[in-house]
Each structure stands twice: as structure tokens, then as C-alpha cells.
Protein chains: 2
Amino acid sequence: MNYSVSEENYIKSIYHLQQQTDTVTTNSLANELRTKPASVTDMLKKLRTKRLVDYEKYRGFKLNAAGSKIALGIVRRHRLWEFFLVNKLGFEWDKVHDIAEELEHVSSAELIKKLDSFLNFPQTDPHGDPIPDTNGKMAVIKQLSLAEIDAKKTVVVSSVGNQSPEMLEMLKHYHIGIGTSLKINRHFAFDGSVEIKVTQQSACIISGQMAKNIFVHHG
Amino acid sequence: MNYSVSEENYIKSIYHLQQQTDTVTTNSLANELRTKPASVTDMLKKLRTKRLVDYEKYRGFKLNAAGSKIALGIVRRHRLWEFFLVNKLGFEWDKVHDIAEELEHVSSAELIKKLDSFLNFPQTDPHGDPIPDTNGKMAVIKQLSLAEIDAKKTVVVSSVGNQSPEMLEMLKHYHIGIGTSLKINRHFAFDGSVEIKVTQQSACIISGQMAKNIFVHHG
DNA sequence: AATTTTTTTTAGATTTGTCTAAATTAAATT
DNA sequence: AATTTAATTTAGACAAATCTAAAAAAAATT
């Protein structure tokens, strides 16, 4: 089966919203896609007919197994292209989302296979998010933010929860990227800010906001 | 201005047909795009409104300066992507057309700029066709086929007039590719076949059909 | 529990790009 | 020059994806 760009965008957005809430609502999807609730209802009937979603009117909806598989294929293409744009073409990672959003709809399976191989089978995209494999299998990475980790531990940055230029600017300022190793010195109770020490740099304090958006794993 | 995928396809096809005949007819364009003449008429009214074509009903049509510029932008993107697919991803050149056809509609100018640089500013695509520059300037390559060149001359293959798998198969058999240097031994009047000698190979005879589809420049 | 507010769906319209069938114009033939 | 044939355009319909406004259902509030 082949899906239209519009159908693919709906499927992908439902997938992303499901990460937060198991069942997705018409309004939230309309908001995500910057469209109107009436349009969402229309498309959901279509996706139901194609047997990609479980949907009863007024009851919300979710992707079924078939829908999830399609979604993971789209996510795979999106993240491989993001990796390409950053690591081969030299884009900053806050600039690649919209372009990858277009590239992800190019439908050749052979293209994605060869792109994957050309990129050396990367496991995560430039934001640290895992890339699903051909079968839709994706590494589950425990998302622990700097705000949740005990002091004195040394950790490695694995992903960021915000892909805005503003976030990138701050990360650059602190010399933090995916893979950066750092030690948590202490947490400040007053505003949740965190003192960290990046290797070969003097200790510094990041805001609670930042801490919540920097995800790490034990290094 | 931003154009739809459909508009871009019409513009590109008009451009290609104009290479052969200055003025394009409704039927020929419908045939090229595998659509119906009525659809072509509809779209041409639209392109005329957008001031991209000169078109009077029943009189045929052609791209004006603005339309040609758009067309060359699309050709540029198409050929850069073809170069990428062959030289970076390892596709055979008979497999890349359809994929490039999709990729060419991805609209980011920054993407194409960076792709061009990543590919090291190639001058021709994998079939030897020249790649227009950012301003729509394109090298004019004199298209002389092997059939038209005098015997005893040594030439370099610059492009091929047919991008089918069958053509590729034959070229591979003869060890001929873009850039291959070869000497024309003699022409046979009976059927137009040509005896050639590729460097480090024994002389061989190619059909008149082949000879007409292999373009060369003096090496 | 009744009422109000919010969410969702339906009904009907709109835009883009396509189509078929009929009408019109141009080109070719007699 | 008249007629036939071919090419092109118009008229009207259709599918996909969207929208607005109104109706219906669910959730929240009193």
C-alpha cells in the first residue's frame, strides 16, 4: 500500500502524540497538524477504512499494529534524513526538521536502504532520538533528564527534548552536544537549577528548564 | 513564488520538449506527462496566469524567461540528486530517474546549496547531461554522436541519449561509461555500425543504433 | 440532576488537479 | 474550396483534502 503525503503526516502525528497519551483526541491532533478538527475527523474515517487506526466517534483514536508499522517507517526515513543533513551536508540540527519533513515522503525503499548503508547504519538521529530499523524495531532509551539524576553521578548526554534554535544556542554556549560526558555536582532546590562539570571545562550552572530538556544515560 | 509538484512537472516537461521543438503542442505534453489533453489545457491557463508561459489557444506554447528559469532550477535539483544517488549511494544510473523525480520537488534552496557543495560542485549528471548553476546557466555541450564523427578520431564519451537498463547493459558489456576514451576505427555503410577501440581493450563493433546514442567530444 | 461549556461530528462548500464527452478550431485531403 | 480528420478547448463532473457553520455528544459546572 502507498499513502499520500497527507495521510503520512496524520499517521506520524498520531504516533508522536501517542508517546504522551495512549489515546489521541481530535483537538490535539488538529492542533499538532495546524488544521481544523473537522478535517481530522474526515481523515480519521479514511484511515479507519484503511485499517490503520482504532477509532470510534467521540472516543478518541490510536494507531493499530498496521498503523504503527507505517508510522515507524516514516520516523525511520525522517531520522535517517536528519542524520544525513547534519552529518553529511553540515546543517545545524535546529534547521533540519522541516527539510526532513519533506524528504521523509520520498517513497523508494531501495533509497532508504542505500542511504542507511551510506550513513553507516546510525542508531540515533542528531537529536539523540533512536532510528527504527527496517522492521520497525526501535531501541527504547530510558529518558532520564538531568533534573532527575542524583548529584555526583557522571552521565552522557543522549538526547534533547527541544529542537529549537534557542535550545541549540544554549547548548553550544555550554559546549554540550549528544555524547558529551558531564558530572552532576549538585541540584539547587530553590529553582531546580543544576551545577554541572563538563570534561575539560570549569563547572557551570544550568537552569531547571534546561536540565529538564537534557536527557542522559549513565556513562 | 512556490509551485506545486504538478506545476513543476508541467514546467519541466515543457522545458524538455522545447529542446526538440521550439513550440510545444498540447498533445505532445499530454503524452509526455501521461495525462489527457484537456488536463494540459487547464494547467496551461494556470501557468499563463502565473506568467510562466506564452500561450494562445490553439497556437501551442513555450516557456517565457521566468518559466525557463524555474525549469532550470528543477533540472538543477534533479541532476544534483541523480549525481548523489549514483556517486554517493551507489545506484546504477538506470535506476535513479524516478527517485530523483521525487527528490527534485523538495523545495529548500539551502538544501540544494549544501548538496552541491557536498558533491563538490559537479558539472554533469551520471548520464553526462550538464547541471545548470544557481542562476540557471548551463554549459552547452555540442551533442555529436559516434555515428557523426569521422573515422580515425579519438574521442571521449560525454553523455548517452538513452537511459534505459538495456542501454546500460550494453555499455557495461563494452566497458563504456561517461569519460571513456575511445578511437573510431571505421564506419560500415551497410547498417551504420561502427568499429571502435576502447583503451586497453580489443576493437569491437557497435550497432548504428548504439552509435547514435553515444555522444562524445573531442578528447 | 440540570445546565453550561467544550469537544467532536456532520453537512455542505471550496480548491486543486484530474477526467470524459461534446464542441470548436486547425490541418489535411479530396 | 469543400470536406474529412485530427488537435484542442470547453463544459461539466469527480476525488482528495481542506474549510466554515451548525448540530450532536460528552464533560464540566452549578
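Just so it is clear: chains get the letters A, B, ... in the order the sequence lines come, proteins before strands, and each one is counted from 1.
Counting to the nearest Å, the C1' atom of C/dT8 and the CE atom of A/Met43 are 17 Å from each other. The interatomic distance linking A/Leu47 (CG) with D/dA16 (P) rounds to 13 Å, in whole Å. The distance from atom CD of A/Glu7 to atom C1' of D/dT18 is 14 Å, rounded to the nearest whole Å. Rounded to an integer number of Å, the gap from CG of B/Asp42 to P of D/dC14 is 16 Å. Residue A/Arg48 contributes atom CZ, which lies 9 Å from atom P of C/dT9 at whole-angstrom precision. Distance, B/Phe61 CZ to D/dT8 P: 8 Å, rounded to whole Å. With rounding to whole Å, A/Lys50 atom NZ is found 14 Å from D/dA15 atom P. Atoms CG (A/Leu44) and P (D/dT18) sit 12 Å apart, rounded to a whole Å.
The two residues B/Ala100 and B/Leu85 make their nearest non-hydrogen contact at N-CD1, 4.1 Å. Closest heavy-atom contact between B/Leu63 and B/Gln18: N-OE1, 2.6 Å.
Remark: A/Ser117 pairs with no residue by the side chain to side chain donor-acceptor pair (under 3.5 Å) rule, at least two apart or across chains.
B/Ser6 has a side-chain polar atom (N or O) that falls below the 4.0 Å cut-off from OP1 or OP2 of C/dT18. The phosphate of D/dT18 (OP1 or OP2) has a side-chain N or O of A/Tyr10 nearer than 4.0 angstrom.
B/Phe118 carries B/Lys88 over the face of its six-membered ring, with the cationic atom under 6.0 Å from the centre and within 45° of the normal.
Crowding of A/Gln209 atom CD: a count of heavy atoms from other residues, nucleotides or ligands under 6.0 Å not exceeding 12. Heavy-atom contacts from other residues, nucleotides or ligands closer than 6.0 Å to NZ of A/Lys114 number more than 12.
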Letter per nucleotide, 5' to 3', of nucleotides 21-27 of chain C [B base touched, S only sugar-phosphate touched, - untouched; heavy atoms, 4.0 Å]: ---BSS-
Return the polar atom pairs (N/O with N/O) between nucleotides 2-5 of chain C and the protein under 3.5 Å, or none.
none

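The line from CG of A/Leu44 to CZ of A/Phe61 is 4.5 Å long, rounded to the nearest 0.5 Å. Atom-to-atom distance recorded for A/Met1:CE and A/Lys50:NZ is 4.5 Å, nearest 0.5 angstrom.
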Tabulate below the donor-acceptor pairs under 3.5 Å that side-chain atoms of residues 124-135 of chain A make, not counting sequence neighbours, or state none.
{"residue": "A/Asp125", "atom": "OD1", "partner": "A/His127", "partner atom": "N", "Å": "2.7"}
{"residue": "A/Asp125", "atom": "OD1", "partner": "A/Gly128", "partner atom": "N", "Å": "3.0"}
{"residue": "A/Asp125", "atom": "OD1", "partner": "A/Asp129", "partner atom": "N", "Å": "3.0"}
{"residue": "A/His127", "atom": "ND1", "partner": "A/Glu82", "partner atom": "OE1", "Å": "3.0"}
{"residue": "A/His127", "atom": "NE2", "partner": "A/Trp93", "partner atom": "O", "Å": "3.1"}
{"residue": "A/Asp133", "atom": "OD1", "partner": "A/Asn135", "partner atom": "N", "Å": "2.8"}
{"residue": "A/Asp133", "atom": "OD1", "partner": "A/Gly136", "partner atom": "N", "Å": "3.1"}
{"residue": "A/Asp133", "atom": "OD1", "partner": "A/Lys137", "partner atom": "N", "Å": "2.9"}

Pairs under 3.5 angstrom only: tabulate donor-acceptor contacts from the side chains of residues 166-173 of chain B to other protein residues two or more places apart or in another chain.
{"residue": "B/Glu166", "atom": "OE1", "partner": "B/Ser164", "partner atom": "OG", "Å": "3.4"}
{"residue": "B/Lys172", "atom": "NZ", "partner": "B/Glu92", "partner atom": "OE1", "Å": "3.3"}
{"residue": "B/Lys172", "atom": "NZ", "partner": "B/Glu92", "partner atom": "OE2", "Å": "2.5"}

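Near DNA chain C, meaning a heavy atom under 4.0 Å away, the residues from residues 27-36 of chain B are B/Thr35, B/Lys36.
Using cut-offs of 30° and 60° for the angle between ring planes, the A/Phe84 and B/Trp81 rings count as tilted.
Among the atoms of the strands shown, base atoms are found under 4.0 Å from some heavy atom of B/Ser39.
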